[in-house]
Amino acid sequence: MCCLLVKYGLFFSNLIFTLGGLALIGLGVATLLQLTDVLEVVTTNVNAIPITVIVLGALIFLIAFLGCCGAIRENRCFLTLYAICMIALAAAKLYVVVVVFRNLSDIKDLVKDWLEEAFLRLEIREQFYVMQSTFQCCGTTGPNSYNVALPPSCCPSVVQTCEASSAFEGCNKVVADFFETYGEVIGIIVAVIVAIEVLAVVLSFSFCSTVGNNRRRTV
């Protein structure tokens with residue numbers, strides 16, 4: 001009974017990982033296609049983000065598919081290879097968590113530098129206004145960033161005339177704080193996933209040992 005629980009637990013958990021990997025691949029491809037026009041006005045290599053998502057999705061799909069096959073077929077070779085791959089993947093994700101938490105302040109500085117550069121490029125000023133509406137921020141350091149009348153995107157939509165007294169705070173702080181929070185959340189989620197993967201490795205080795213013992217009894 002315990003053997004069956006481990007077997008189907010491994011199978012269904014890896015089936016979910018397989019579908020998740022496919023979803024990441026689809027999301028990465030869709031994002032990459034949508035970034036075609038954005039690349040004309042953005043100086044940073046934003047292509048790296050969706051490409052990384054596609055590669056990660058492909059790795060998750062392949063490893064999870066290997067786990068599904070190993071569990072349902074009770075194949076010790078597949079299970080061992082799956083466990084080794086999961087250990088390597090968990091170690092890589094753990095490294096990512098450490099890097100993210102150690103470089104959050106650097107990421108904030110990079111975001112501020114990018115915003116300062118983008119704000120000075122008049123040819124993409126409309127895109128900057130769109131970003132202001134999305135993040136509810138104004139200029140780089142606040143309404144004082146503008147030497148002319150404030151654009152409507154600097155204020156809430158209910159305000160008829162946008163003035164400094166009703167304007168949002170600077171985008172440098174708002175966007176940087178967003179990336180910092182996003183990085184922390186991603187780090188926590190990845191840490192939880194690593195813990196689950198370690199448990200999957202333990203179950204895989206345990207099931208592999210059980211399969212081996214059952215085969216020896218039948219010989």
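Note that this is a predicted model, so its numbers are computed, not measured.
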Pairwise distance CD(Gln136) to SG(Cys154) - rounded to 0.5 angstrom: 12.0 Å
Heavy-atom closest contact (Val174 atom, Phe135 atom, distance): CG1-O, 3.4 Å
From OH (Tyr82) to SG (Cys77), nearest 0.5 Å: 15.0 Å
Sub-4.5 Å side-chain heavy-atom contact between Pro151 and Gln132: yes
Closest approach of Met131 to Trp114 (non-hydrogen atoms, all atoms of both residues): SD-CZ3, 4.4 Å
Gap between atom CG of Leu66 and atom CG of Leu62 - 0.5 Å precision: 8.5 Å
Student check: side-chain heavy atoms of Pro156 and Val159 closer than 4.5 Å: yes
Gap separating the SG atom of Cys137 from the CZ atom of Phe178, nearest 0.5 angstrom: 11.5 Å
Considering all heavy atoms, the nearest Glu163-Leu150 contact: C-CD1, 3.5 Å
Residue pair Thr140 / Phe128: nearest heavy atoms and the distance that separates them: CG2-CZ, 4.5 Å
Gamma sulfurs of Cys171 and Cys138 within less than 2.5 Å: no
Separation of Ile63 CD1 from Ile84 CD1 (nearest 0.5 Å): 11.5 Å
Over all atoms of both residues, closest heavy-atom pair of Cys155 and Ser166: SG-OG, 3.7 Å
Validation row: Glu116, Asn172 side chains within 4.5 angstrom (heavy atoms): yes
Tyr129 and Tyr146 aromatic ring geometry - parallel, tilted or perpendicular at 30°/60° bounds: tilted
4.5 Å side-chain heavy-atom contact, Phe119 and Arg125: yes
